[in-house]
Structure formats: structure tokens, C-alpha cells
Number of protein chains: 2
Amino acid sequence: MVATIIDVAKKCGYSKATVSRAFASPEAVSERAKARIYAAANELNYTPNPIARAMARQKTDNITFVIHENQYPAILNPFYSSALEAIMQETMKRNYGLFVTTNDHVRLPSGEVSIKKHMDGVIIAGQTDRSSIESFCKQNIPVVVLNNLIQMEHLPCIAVDNYHGAKCAAEHLIQKGHRRIALLEGRFSPQIYHDRHNGYMDAIVSAGLTVDPLLIRDVDANELCAETCAREMLSCPERPTALLCTNDTIAVGAMKAAMRMGLRIPEDVAVIGFDDSYVSRVIEPELTTVRIDSLQMGKLAVEMLFRLIDGEELSKWYIEMPTELIVRGTT
Amino acid sequence: MVATIIDVAKKCGYSKATVSRAFASPEAVSERAKARIYAAANELNYTPNPIARAMARQKTDNITFVIHENQYPAILNPFYSSALEAIMQETMKRNYGLFVTTNDHVRLPSGEVSIKKHMDGVIIAGQTDRSSIESFCKQNIPVVVLNNLIQMEHLPCIAVDNYHGAKCAAEHLIQKGHRRIALLEGRFSPQIYHDRHNGYMDAIVSAGLTVDPLLIRDVDANELCAETCAREMLSCPERPTALLCTNDTIAVGAMKAAMRMGLRIPEDVAVIGFDDSYVSRVIEPELTTVRIDSLQMGKLAVEMLFRLIDGEELSKWYIEMPTELIVRGTT
DNA sequence: ATGAAAGCGCTAACAC
DNA sequence: GTGTTAGCGCTTTCAT
């Protein structure tokens, strides 16, 4: 049906070995041969079959980005989408293919799970389980973990200095004169949750302010839930004058609550977000937020992964991304 | 290094055919054999190699989503990201793999371009070139085109009723009493551009209003450009009282211009967007916009593609998605 | 520079 | 229900 290397070989009179070389390592083939081979290939609409190539070379030239489904949405995820954008660009640059998947496993009839492995390497976004990573290791597939720190021998991780980010944000509010600073914290992975929580706590305590448990609330990281929560807090007699939110989506919800209650931002209530995702500059006034360079994070992940794929050594197995407070209009 | 089907066969005493069946069609294998085979497989950390499987079956169980790089950003694209989200979910449901790529071609040493084909089918988002589609056809790879109508025999396309959407939006503004309605149009593909343009024009003309060329402006579809453009228009002595924008990003830029000039929305100036993308509900007041069900669009694309992959007939080659005006706070 | 031949790991007739 | 065998389309020694 579709032309194969044999068809081309027959048509041009060279062996399939030479045809193969003409495509895979053209410098090893004479000009004369190449001319004939390419001509024959064009006539037959022949293009090399990458599956067969992968089979013979034991290499697919693909990598996979996995974002587990509990982190829904996957593509529309406000945090991971920009990391993925960068991963995509970098992967394309190297002429690799990119799989994107929420379920890196497939259930075998044996009841066991088996990883899908059309790929030479994997980037795992955030939450995952050790067994998942172990599966990849057993199949000798390099893994890089993005936005999560998993203690495992020779497992490259890129995480974020969340503690510092949250601390700076709280300090900024304190310095602006706020004394009742609420914390709306998303139910993220324990690691991230605690680091941001502790950053806030330490800033409050260091400043000699009292920690009011009523001002600390867990929320689901969506606008509606955040809005409801913020509205409740802002309705209290002793309402907070600032809302520190552990991601931008929560911050947007909080802003909506304030605006809809007729409060002015930042005069009546200040808001800070986290991540510096695209929403932070959509809302007006634009959101003061803790910036994480997630594009750079994605880029670093790809670079580490390709080093591993190429069999090189990694200078470090753990990278901590810095955070930086970006002051915009909501403080 | 990594265990193969042969290792398992040796270890458990069955032939590799039976081992293969135990994984690919377990119902054809006795319980006794399966028990032994799975046990051996587990000990060896064996999992079937999908490349070899694809090679033998001539089927990869993968599809590809291609969004050409001129439509940058790819993942962060406000329109295509939600279609991709749906495509992803649907694809995972069927236990297929999903490639995402901006360059579906790879340059061959022959100077020709060759498509990457680890996949059984392709969804192309928006702009593309005929030759790209023809390449896929020549390799017998089914293609579905999303958000673009390309006249080609047996080429499934899913596009949008842009004319109707723009017309409704303009009519809504007219009905609200607006007489100076500006049009900020993004430089999209000619098809989309013209349909939205004509929808606006027809509504204006039908209402007996005069078309003021000063009120019609092309813009790049980003916030900054839109804000600049809107600011200029709103600074004119005879400023428009409504801004019809051909996507939500432009509308957000326009809203920022108005807000920063101290104009109230919708009292002083009304704004309408297009797409009903995530930004429409981030901005406050929330944006009146023309809804396109892009999740559904993605879902339909996947369904059509799988029909083709499964060798079934398509009842129709062209689907036009309806549009619907969603009235929120900006009108 | 080119060719012959042995895989790569699996599936799918076909036979028993 | 299980085994035998012939591929799937390419790469890669090893010769020449």
C-alpha cells in the first residue's frame, strides 16, 4: 500500500542498506546514488517509517509529558500549561515528538499496570506516585519531575522556593501596614501547601502580629470556592484588610468577592496571588503576585531530560526555582 | 537489558505466541497459562513493547494534534487550548496516545519534507497548507480539520458559524440602543475574518445605521495592541459607545483601555468578545461574548477521526458549530 | 561507497 | 488452547 524501503531499492537499483543510509546518514552515500534514490522515493511518495526505525534503533525520538488526572484540567491547567508550552517548544527544536498524557499507565490483563513506552524519556508534572516512577526506572526510561520533590536516588526534580515566595508576599503586606492578613490556601500537594503556609506564618510571627486562625482557610483552587470563602471573611466584623492567596485563580475569586461587595482594591482590601499565571494580567487592576518562571522551569526540565537521554551526567539532581514578588495594582 | 517476550516465554515454559496472547487477547488463553505467564512477567518486570507491537500490527494507537507554529502560542492559545483539552480527554478514554506538535513535518536529506508518522490519525487545528494535508493522505493517514474549512474531497472539517455569531452580537448592541459600534477585528484566517466582518456589516446596514470606516480597525489579537487601538477610538470626539471585538483577548484589552480612561462598563461603553474563552470570566465585569463550544468541537473532531481510523463511513464531512451570544456584565 | 544478512520484539495466520 | 513460523520496515555490523 504505502511504499517501503524495498520498493525504493528495487526502483532505483540500489540495495535497501544504501537507501536507508541515504535518509539516515546521507554523508555516507555518493551523490550519484542519492540523486537516484531521492528521485525514486519521490515518485513512490516514500518516507521512512519511524516505527520501523524506532524498532531497529531502539530509540523513538519521542518524549512524554504526564500530568496525572487528579490535576485536572490538564491543558487548561493555569500553572502547568505554561511549563508545557515551553516543553513543547524545546522538544520541537530538537525534532523530537511529544506525547501528552494524563494516564501514563495502561492496565494489563494481568492486573498489573504497564507504562506506555513509545518514548525515550518522561517529564512528570507535580503529583505522582513512586510506583509510577519506579516503573519507568525498571524500563530504563529517564524521568524528570517538575514542581515536586521526590526523594529518590538519581531522580531529577525541579521544584519551587515556595516558602520564600509566601514569606515575601506576607512581608510586603505587613510593610504596607496591614495587620489583619488572611491566608486562602489551595489544597495542593503537602509539600507546596506547607511551604507556602510556613512562609506566611513566619512572616506574621516575625512581625510580632498575632496569628488569627479565623483568617486562615483552606479552599479548592477555583474561582467560585475562593469567592465564597473571601466573601465570608470580608463580611466579618473584624474583616481582613489583605488577602494572601496561594495561587492566582484563588486570588481572582477573592478579587471578585471584594469588587462585588463594593470594596475597592487595593484601598479597602489588598490581594496577592501566586504563580504569575496568565490570569494575573487579565483581571483589572492587575494582580500583585509571586512569580514563578514556569516557562524556564519547563525548559530546564527538557534540558535535563535530554542530557539523561543522551547518556550524559547531571551536574545536579535537584533544582529549586526562585520566586519573586511582582507588585502590580492590587496592593 | 529490558525483558522481552522471549524471556518470559522461556521462564514460564510457554511459547511466545501464548505469552503474546496472554497480554493481547487474554480470553484466548487458559487460566493456568495466564497465571504462570503473569508471574514470570512480573518477576522479569516485563511489559509489552508498544513499538514492536505497532510494527507487527501496523497500528500505533496514537493520534496527533497539530497546531502550526504561526498560531503561537500552542498550548496557551486561548482558543485551541480548550479544544485540545477535550481532545486529550477523549483520546485518553480510548486508551490512545496523543502527540501534540507544531511541526508535523521533518525535513528529509532529500530536501523533501516527510511527515512524522508514529500515529494512526491527525487533527489539524486551524491554519495549515494543502500540501501538509496531502502528505497525510498519501500515507493513508486520516485527517480531521478543526476550525477551518478546506475544500478537498473527503476531508472532514469542523468549522464555526462565525457570521451568525458576529451578527447576533452586533444586533444585541443595536437593540440596546447603540448607534456607534466599533469593530476591532483580529487578523485571523481570511475565512474567519470575513465571516465575522460580514456579520457585523449586515447587522449595521440592516438596522439602517451608517458604517463608519473610522470605527473599523484591524488589530493583532493580543491585549496590548487591542488596548492601544481601543484607547485611540475612545479618545475621539465622537467616540463609539460599544466595542465589538472578534475575540475575547481583544475584548479584554479594550476593557482595560476603557477602565483606565475612567469609563464605566457597560454604562459608558459596552464591550463584546468572541469565543467565550476562560478570560471572559476572569475579567470583572464578566464579558458578554459569542460562545463557541470548543470542548464539544474537540470532542467531535476526535469522534470523526476515530470513525475514520476504524474504517467506518462519515455521515457528513462538514460540521458547522453553532454560535450563541452569552450576555454577561459588559453590555 | 555499497551489499548481504542478521536482527529489533511482537502479531497473526495456520497447524495441531 | 497452544506452538510454529513468517513477516512488519528499518538499521547496522561485517564484508567486499
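Every chain is numbered from 1, with letters handed out A, B, ... down the list of sequences. Everything numeric in this text was worked out from a predicted model, so none of it was measured.
In this structure, A:F23 atom CZ and D:dG9 atom P are separated by 16 Å, rounded to whole Å. One can place CD of A:E27 at 10 Å from P of C:dA1, the figure rounded to the nearest angstrom. Rounding to whole angstrom units, NE2 of residue A:H118 and P of C:dC10 are separated by 12 Å. The distance from atom CZ of A:R53 to atom C1' of C:dG7 is 17 Å, rounded to the nearest whole Å. Atom-to-atom, NZ of B:K117 to C1' of D:dG9 comes out at 10 Å; the value is rounded to the nearest Å. When rounded to the nearest whole Å, the span between CD1 of B:I51 and C1' of C:dT11 equals 15 Å.
Here the side chain of A:K16 is nearest to one of D:dT11, C:dC10, C:dT11, namely D:dT11. Comparing C:dC8, C:dT11, D:dC8 by their nearest atom to the side chain of B:I5 picks out C:dT11. Out of D:dT11, C:dG3, C:dG9, the shortest distance to the side chain of B:N49 is found at C:dG9. Of the candidate nucleotides D:dT11, C:dT2, C:dC10, C:dT2 has the atom lying nearest to any side-chain atom of A:T18.
Note: B:H118 and A:H118 have perpendicular aromatic rings, judged against thresholds of 30 and 60 degrees for the angle between ring planes.
Among the atoms of the strands shown, only primed sugar atoms or phosphate atoms (P, OP1, OP2) are found under 4.0 Å from some heavy atom of A:Y46. Using a 4.0 Å heavy-atom distance criterion, A:T4 is classed as a sugar-phosphate-only contact. Using a 4.0 Å heavy-atom distance criterion, A:P48 is classed as a sugar-phosphate-only contact.
The closest side-chain donor-acceptor pair between A:N103 and A:T101 falls under 3.5 angstrom. Neither side chain, A:S294 nor A:D275, offers a donor N or O lying under 3.5 Å from an acceptor on the other.
Distance CD/A:Q89 to OH/B:Y72: 5.5 Å, rounded to 0.5 Å.
A close approach under 4.0 Å does not occur between any side-chain nitrogen or oxygen of B:S15 and OP1 or OP2 of D:dT2. When the side-chain nitrogen and oxygen atoms of B:Q58 are compared with OP1 and OP2 of C:dC10, none of them lie within a distance under 4.0 Å.
The stretch residues 28-42 of chain B has no heavy atom under 4.0 angstrom from DNA chain C at all.
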*Kindly indicate, with the supporting measurements, whether the criterion side chain to side chain donor-acceptor pair (under 3.5 Å) is fulfilled by B:T128 and B:N148.*
CA-CA 9 Å; B:T128 182; B:N148 196 355; over 6 Å; no

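Judged by distance alone, the side chain of A:D120 and the main-chain N or O of A:I63 form no donor-acceptor pair under 3.5 Å.
Between B:A56 and B:R21, the residue whose closest nucleotide on DNA chain D is further toward the 5' end is B:R21. When the nearest nucleotides of DNA chain D are assigned to B:R57 and B:Y14 by heavy-atom distance, the more 5′-ward of the two goes with B:Y14.
In terms of heavy-atom proximity, A:I5 sits nearest to A:Y46 at N-CE1, 3.4 Å.
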